[in-house]
4 protein chains.
Amino acid sequence: MSLHRSGPVRSEAARRSILEATARLFVERGYERLTIEGIAAEAGVGKQTIYRWWRAKSAIVSECLLEGLLLSHRLVPPDTGDVHRDLVDWMGEIFRLMAEPSGEVLVRSLIAAATEDAQIGRKLRDTLGSSVITDRLRAGVGSASNLYEGAPFEEIAEALVGSAIVRALSREPGDRAAAEALVTASIGRPAAF
Amino acid sequence: MSLHRSGPVRSEAARRSILEATARLFVERGYERLTIEGIAAEAGVGKQTIYRWWRAKSAIVSECLLEGLLLSHRLVPPDTGDVHRDLVDWMGEIFRLMAEPSGEVLVRSLIAAATEDAQIGRKLRDTLGSSVITDRLRAGVGSASNLYEGAPFEEIAEALVGSAIVRALSREPGDRAAAEALVTASIGRPAAF
Amino acid sequence: MSLHRSGPVRSEAARRSILEATARLFVERGYERLTIEGIAAEAGVGKQTIYRWWRAKSAIVSECLLEGLLLSHRLVPPDTGDVHRDLVDWMGEIFRLMAEPSGEVLVRSLIAAATEDAQIGRKLRDTLGSSVITDRLRAGVGSASNLYEGAPFEEIAEALVGSAIVRALSREPGDRAAAEALVTASIGRPAAF
Amino acid sequence: MSLHRSGPVRSEAARRSILEATARLFVERGYERLTIEGIAAEAGVGKQTIYRWWRAKSAIVSECLLEGLLLSHRLVPPDTGDVHRDLVDWMGEIFRLMAEPSGEVLVRSLIAAATEDAQIGRKLRDTLGSSVITDRLRAGVGSASNLYEGAPFEEIAEALVGSAIVRALSREPGDRAAAEALVTASIGRPAAF
DNA sequence: TTTTAACCGAGACGGTACGTCTTGTCTTATA
DNA sequence: TATAAGACAAGACGTACCGTCTCGGTTAAAA
């Protein structure tokens, strides 16, 4: 007598195939023009296999994001010890991504997906920002006028991510100077040496 | 000899009817479940009349926004002379809107619409933020640590709007304390008395 | 290893429902005002189910005709042994059908359908005429001046059906006397007694 | 006091232009794909000008037919004195027309138009057949077994036209042999010399 | 000569139907 | 019992025409 139900178990191959197909089509066509049927065809999978395991296309995208299939992890800020410079480099990198057509579609599509699925919204906020940035900010206390003990680190991180999103939505991606200005607006001017 | 082409002229009645129907359905159902057919039916108008004048549903929503049919103008910050308090009140108002189910759908839907139409993105940024806020910030120079002469006012305003959008996407609308923290993160601490 | 493809099989219920709905609407409204959408609605079926199996509305009508859903089988000539009288009775019956408004619409609509689909044309010719009539003509050799051994039986049958169609198109259905004249024109005068 | 109304009179230029455009499009695309909008555009005319003078597209086609813009008058049987041969030549000519793709579309389209407009049906019957043929038949009394004094000349002509129409509908246009057989079926065998 | 009514072209309007696409569910045969 | 395949009811898409109505401009008979 067994505690296991009978029959085959979820196919990992199908799952991977679906996630990879989704990532491919998402990047290629954007979220709006991504369809369940298209994913099924691209993945060589029956539609039911998708519906069995995910409640909506946003959930598949969410899982892609979780698996790192959509946003590369190069979006982590560098750590040179100079917080202001690191953040400017990091925002600059984000703006550079958004300046390429494919990156622009990707980010915009992620925002679209986020409007349907809070988890994507949170993941987007966290991936682009939050925890990593918060730690860096905390470590930089004293190095800029707004980075004092007990400063609203979370909110500062949020404001930076938010700025990037607003730029994505208004299609004005910004450049290094904009990154500079935004970071200065967020953490204040660097402390004099 | 005339500068006018002959033939009937665009029906203002149909235009208004379409915009009003769109606003009604948008608030009621959100952007995703808003359909051209639904708008046509609600407005008592042929579909072709819509396609003749707008290239996509996002364009209709954009025009609604422009005509003030979607975001009430109560989202303008008060002016008590105390910039910090005014901004906190204003962000608090936005968070209050986003805490109601209908307001949450509205804002999220506007973001979804913005992912398809840059003009909506810009209008959203400007309506929620930019010019009005920028002016207020400029007037408040000296009243908070980040509001010095030549500070990046635009970027500060952008960061505030961006924060609200991030909150909308992650479904963590925030309360008065969050508003307080965000404003403090953006414009720094109020000047000492 | 199997010769069968997987997946569900064509729904016979849907097929019947579509054909019956088509027959009903065809008789009621005529071919021109018969629409795919109307058929789908009447049959309680999705439009795609129709388009999956038929290339045009004429093909559905054709299949209705094949299944005997449109022309009752009372249009078979009687067999009393007297070919001339039998043919007159049969043409009279056709004219009687065409004299009723609903029959008139039916026949005219079948002709309209035939202009779009050769198969309907052939079926119409055969159902109204050909094989059955040809046999009867062949059996009547010697009983009329044109019914000799090796006479063009096919062409005679065709001429009779053609006459009926011309009458339908010119809305002059004819009566028993016309039937008499036509039959006489086709097979010649009855043999003298 | 006058019986004449004021204002300009019907534009003959517009009328001709419409009829010619109709004839051109009818031949080119067939009756089904002929549209009022297409005619208006082709004729360089407002739609209202069409609707002012004709109740339906079938009426325009009918008028084209009347003006000889659709069926050339070469479809008149020759007159060599030998009725049987003349009729065979004439039917052969009709079959030859129907064997060309454009002629096939034309005839089939005329039948389609006739299903909507009795006048077209009658005109078709008369143009292809009736009066001219009837006269010829009457003149041929004695030259074939069915052409006796008081024979159903009208019905014979009708049967010939009907045969051609049946052939058009079943897309089996026939050749000279078929013409021979049909004529023989209709008027009987030529009298022995 | 002025008026005036009907003509003309253009084309916007409220509609209907088209044929296609996608959704989410259901069914079948296979593994 | 999970899978690939795919039929199904539903319904939105964007397009094509329908027949009506509304413009500004033109024309010819009536006043």
Side-chain angles (χ1 to χ4, degrees), chain A residues 5-11 13-14 33-38 40-41 43-53 55-57, chain B residues 1-11 13-15 17 33-41 43-53 55-57, chain C residues 1-11 13-14 33-38 40-41 43-53 55-57, chain D residues 1-11 13-14 33-41 43-53 55-57:
Chain A
R5 56 168 186 64
S6 72
V9 94
R10 178 173 187 181
S11 158
R33 294 171 49 212
L34 179 71
T35 65
I36 300 277
E37 299 221 320
V45 133
K47 283 200 290 176
Q48 196 52 256
T49 304
I50 297 179
Y51 283 108
R52 198 177 346 261
W53 302 109
R55 33 165 254 293
K57 75 174 175 175
Chain B
M1 174 178 157
S2 166
L3 296 173
H4 303 294
R5 64 156 196 69
S6 76
V9 97
R10 179 173 185 181
S11 159
R15 183 180 155 275
S17 181
R33 294 171 48 212
L34 179 70
T35 65
I36 300 278
E37 297 220 321
I39 295 170
V45 133
K47 281 201 286 176
Q48 197 56 253
T49 301
I50 296 180
Y51 285 108
R52 193 176 294 119
W53 302 108
R55 32 166 254 293
K57 73 175 175 174
Chain C
M1 176 180 152
S2 164
L3 296 172
H4 303 296
R5 64 157 194 69
S6 77
V9 99
R10 179 173 186 181
S11 159
R33 293 172 48 213
L34 179 69
T35 67
I36 300 278
E37 298 218 323
V45 133
K47 282 201 287 177
Q48 196 58 44
T49 301
I50 296 179
Y51 284 107
R52 191 176 295 120
W53 301 109
R55 34 167 252 292
K57 73 175 177 174
Chain D
M1 176 177 155
S2 164
L3 296 173
H4 300 294
R5 59 162 191 69
S6 72
V9 95
R10 179 174 187 179
S11 157
R33 294 170 48 212
L34 179 70
T35 66
I36 300 279
E37 300 220 321
I39 294 170
V45 132
K47 282 200 291 176
Q48 196 55 257
T49 303
I50 297 179
Y51 284 108
R52 200 181 343 263
W53 303 109
R55 33 166 255 291
K57 74 174 177 175

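Taken from CD1 in C:I50 to CD in C:Q48, the straight-line distance is 10.0 Å, to the nearest 0.5 Å. A:K57 contributes atom NZ, which lies 7.5 Å from atom OG1 of A:T35 (distance to the nearest 0.5 angstrom).
At whole-Å resolution of the value, CD1 in C:I36 and C1' in E:dT20 are 13 Å apart. Between the OH atom of C:Y51 and the C1' atom of F:dA10 there is a distance of 15 Å, rounded to whole Å. One interatomic measurement links the two molecules: CZ of B:R33 to P of F:dC13, which rounds to 14 Å at whole-angstrom precision. One atom, CZ of A:R55, and another, C1' of E:dT23, lie 16 Å apart when rounded to the nearest Å. In this entry the distance linking CD1 of C:I50 with C1' of E:dT20 reads 14 Å, nearest Å. Going from atom CD of B:E37 over to atom P of E:dG15 covers 13 Å, rounded to whole Å.
With C:W53 as the aromatic partner, C:R10 meets the cation-pi criteria of under 6.0 angstrom to the ring centre and within 45 degrees of the ring axis.
Counting non-hydrogen atoms of neighbouring residues, nucleotides and ligands closer than 6.0 angstrom, the CZ atom of B:R52 exceeds 12 such neighbours.
Taking every heavy atom of both residues into account, C:A40 and C:G46 meet most closely at CB-C, 4.4 Å.
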Treating primed atoms plus P, OP1 and OP2 as sugar-phosphate and everything else as base, which nucleotides of nucleotides 4-9 of chain E get B, S or - for protein heavy atoms under 4.0 Å? BBBSBB
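For B:K47 against E:dG14, no side-chain N or O and base N or O form a donor-acceptor pair under 3.5 Å.
Under the rule for a side-chain contact (heavy atoms from CB on, under 4.5 Å), the partners of C:S11 that lie at least two apart in sequence or sit in another chain are C:A13, C:A14.
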